[in-house]
Amino acid sequence: MKFDVLGLLAACSYALDCVEAELIKVTNNHSKRVAYMAVCTAEKMGIQGQSLQDLAECALLHDNAVAQYIQEELQNDALRNGVTKLGRHCTIGEKNLKNIPFHNDVFNVILYHHENADGSGPFGKQWNEVPLFARIIHMCDTIDIFCRSMKSDSDEWKRTEEFVIKSKDKLFDSFCVEAFLMLFR
Ligand SMILES: [Fe+2]
Ligand SMILES: [Fe+2]
């Protein structure tokens, strides 16, 4: 029997987006857009084959632990071991995905999906300490949240492009930014 892992995860991701739309006001299909942008960016960087499926799965489920984290916070147990609140959903989310049958190693992709290139993220990791997939997802996630208005005219793109360029070496590393800007003109 064949099992469509990506299809199943896309359905889970849609369900998670619906919950997160209620909880943290993400826009509809946020994770699918992040996955689409992430896979296109990775392809531009020369990544091919099954690795792209792994990336798509991670991107679809990047915020899989948001609801769990909020539940935990409601129980007044949010800060543990000095990990910031933002990092908590990354820690839980990384653990949740450890039994997903990825094709290759994708350790620490969910764990570090909020790390900034300059080390100002929740775990203080600089871009070169963070797996490439986590850096790509972080950039695409942040861009999708920035574009919340859902308008797609040239003014909106100009604003987004300026944000991406301004964020180079601060939020996002230059390799990711350059690939993204070459792709989405
Ligand atoms: Fe997140
Ligand atoms: Fe997100």
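Indexing begins at 1, ligand by ligand and atom by atom, following the structure's order. A quick note: this is a predicted structure, and the numbers were derived from the prediction, not measured.
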Participant: Tell me the angle that OD1 of Asp141 and NE2 of His62 form around the Fe ion (ligand 2), rounded to 10°.
Facilitator: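 Rounding to the nearest 10 degrees gives 90°.
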Participant: How open is the angle at the Fe ion (ligand 1) from atom OD1 of Asp63 over to atom NE2 of His113, rounded to 10 degrees?
Facilitator: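 Vertex at the Fe ion (ligand 1): approximately 90°.
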Participant: Can you label the angle between the Tyr69 ring and the His89 ring as parallel, tilted or perpendicular, going by 30° and 60°?
Facilitator: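 Tyr69 and His89: tilted rings.
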Participant: Kindly state whether the ring of Phe175 and the ring of Trp127 have centres lying under 6.0 angstrom apart.
Facilitator: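 Judged by ring-centre distance (under 6.0 Å), Phe175 and Trp127 do meet the cut-off.
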Participant: Starting from the Fe ion (ligand 1), look over the N/O/S atoms of His114 and name the nearest one.
Facilitator: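 Per the distance ranking, His114 contributes NE2 as its closest N/O/S atom to the Fe ion (ligand 1).
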Participant: Could you check, using the six-membered ring where one of them is a Trp, whether His30 and His62 have ring centers closer than 6.0 angstrom?
Facilitator: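 So the answer is yes for these two rings.
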Participant: To the nearest 0.5 Å, what is the distance between NE2 on His114 and NE2 on His138?
Facilitator: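 Interatomic distance, His114 NE2 to His138 NE2, rounded to 0.5 Å: 8.0 Å.
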